[in-house]
Number of protein chains: 2
Amino acid sequence: MARTKTTYDVFSAIGEPKRRALIEKLIVEEMSVNELVNAMQWRQPMVSKHLAVLKDVGIVTERRLGRSRIYQVRPEKLRPIQEWIHQFEKYWGGAMDQLDAYLEDIQRKGDRNDKQ
Amino acid sequence: MARTKTTYDVFSAIGEPKRRALIEKLIVEEMSVNELVNAMQWRQPMVSKHLAVLKDVGIVTERRLGRSRIYQVRPEKLRPIQEWIHQFEKYWGGAMDQLDAYLEDIQRKGDRNDKQ
DNA sequence: TACATATATTCCTATATTGGAATATATGTA
DNA sequence: TACATATATTCCAATATAGGAATATATGTA
């Protein structure tokens with residue numbers, strides 16, 4: 001069997017960093033594909049394809065306006081992630097403070113670059 | 001270019017449902033591989049391989065005890081997910097209540113089964 | 001040491017990407 | 001109608017799975 005489809009659920013869909021970037025952009029204001037292409041500096045088919053995945057799992061919806069399609073985030077669709085993560089929240093807090101978390105994040109980014 | 005590696009970051013690692021299931025199990029209490037094999041009813045190499053991904057991104061650590069290896073969750077490693085999701089929390093709340101979210105979850109599960 | 005147990009790793013197959021390029025579709029405009 | 005613009009889709013290549021089977025490694029025990 002192969003790996004889980006990106007459209008299997010919200011968790012799979014946001015696994016791709018570019019799709020998280022799209023969500024972060026669209027949460028501020030709804031945008032057309034072309035506006036996203038300019039904002040992200042990606043090729044148009046790439047934007048459309050990532051949007052298609054997000055649309056499939058319901059994270060974004062689309063509205064037609066002339067030739068354009070305006071995409072907007074449905075934030076409530078991200079709620080299962082919040083609910084899932086919630087059960088772990090009680091475990092951090094004492095063990096590690098904000099600064100430590102930040103430093104570990106930096107560390108991790110370095111590791112990832114080394115590994116590629 | 002190919003798809004993002006599962007070990008690219010925490011978001012990619014938890015994209016796989018089985019790995020989330022392992023985390024949910026291990027957060028309750030640390031367990032050996034064999035205990036997980038029994039608890040999950042998966043084959044041993046499958047458990048070990050999923051644990052290897054989680055270990056790679058730091059979500060679990062392992063401790064040797066005789067022939068066994070005891071795995072435990074490092075919940076603070078899930079914090080980047082909580083921080084990412086946090087920026088969207090303000091957008092739900094009014095628009096949809098708990099019950100709606102629950103019903104939509106059920107709906108979504110049905111859709112997913114239909115689609116395969 | 002010989003054997004059993006616990007776990008990790010390797011090899012394999014099928015599949016689903018991600019991204020680029022080219023093309024199709026839809027819609028607005030002269 | 002002919003053309004331009006906006007977006008989606010198809011085709012392609014490269015790659016990284018997820019899972020099964022077999023095997024390797026490590027450690028405890030008789």
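Numbered from 1 within each chain, the chains take letters A, B, ... in sequence-line order. In this text the structure is predicted, and so the values were computed from the model without any measurement.
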Going through the distances and angles, do A:Leu36 and A:Lys25 end up as a side-chain contact (heavy atoms from CB on, under 4.5 Å)? CA-CA 8 Å; A:Leu36 283 171; A:Lys25 205 77 186 174; 4.1 Å; yes
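- Distance, B:Met40 CE to D:dG19 C1': 15 Å, rounded to whole Å.
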Counting primed atoms, P, OP1 and OP2 as sugar-phosphate and everything else as base, the B/S/- map of nucleotides 19-30 of chain C against protein heavy atoms under 4.0 Å is BBBB----BB--
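- Of the nucleotides present, D:dA30 is the one that pairs with C:dT1 by Watson-Crick or G-U wobble criteria, both distances under 3.5 Å.
- Residues A:Tyr71 and A:Val37 share a single hydrophobic cluster, defined by chaining ILVMFWY side chains whose heavy atoms lie under 4.5 Å apart.
- Taking atom CD on B:Glu62 and atom P on C:dA6, their separation rounds to 16 Å, with Å as the unit.
- Residue B:Tyr71 has no polar side-chain atom (N or O) positioned under 4.0 Å from OP1 or OP2 of C:dA6.
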Could you walk me through whether A:His86 and A:Glu83 satisfy the side-chain hydrogen bond (donor to acceptor under 3.5 Å, both in side chains) test, starting with their C-alpha distance in whole Å, then the side-chain angles of each, then the deciding distance to 0.1 Å, before giving a yes or no? CA-CA 5 Å; A:His86 177 65; A:Glu83 285 163 6; over 6 Å; no
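- Across all strands shown, C:dT15 forms a Watson-Crick or G-U wobble pair with D:dA16, both key distances being under 3.5 Å.
- Each of A:Thr4 and A:Val47 lies near DNA chain D, and the nucleotide nearest A:Val47 is the one positioned closer to the 5' end.
- Counting only heavy atoms from C-beta on, A:Lys5 has its side chain closest to C:dT17 among C:dT17, C:dA8, D:dT7.
- Summarising the geometry, the separation between NZ on A:Lys55 and C1' on D:dT7 is reported as 11 Å, rounded to the nearest angstrom.
- When the P atom of D:dG20 is taken as reference, atom CH2 of B:Trp42 falls 11 Å away, rounded to whole Å.
- As a whole-Å value, the separation of B:Tyr8 OH from D:dT17 P is 14 Å.
- The partner of C:dT7, taking Watson-Crick or G-U wobble pairs whose two distances both stay under 3.5 Å, is D:dA24.
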Please report the C-alpha distance between A:Ile23 and B:Trp84 in whole Å, then the side-chain angles of each, then the deciding distance to 0.1 Å, and finally whether the side-chain contact (heavy atoms from CB on, under 4.5 Å) criterion is met. CA-CA 11 Å; A:Ile23 296 170; B:Trp84 187 78; 4.0 Å; yes
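- Salt-bridge annotation for A:Arg20 and B:Asp9: present, with a side-chain N of the basic residue lying under 4.0 Å from a carboxylate O of the acidic one.
- Residue B:Ser68 has no polar side-chain atom (N or O) positioned under 4.0 Å from OP1 or OP2 of C:dA6.
- For the side-chain contact (heavy atoms from CB on, under 4.5 Å) criterion with A:Leu22, the lone passing option out of A:Val60, A:Val73, A:Leu54 is A:Leu54.
- In this entry the distance linking CG of A:Asp9 with C1' of C:dA16 reads 15 Å, nearest Å.
- Both A:Val28 and A:Val33 are assigned to one and the same hydrophobic cluster, defined by single-linkage of ILVMFWY side chains at heavy-atom distances under 4.5 Å.
- Atom CG in B:Asn34 sits about 10 Å away from atom P in C:dA8, given to the nearest Å.
- The separation between A:Arg63 atom CZ and D:dT7 atom P is 12 Å, rounded to whole Å.
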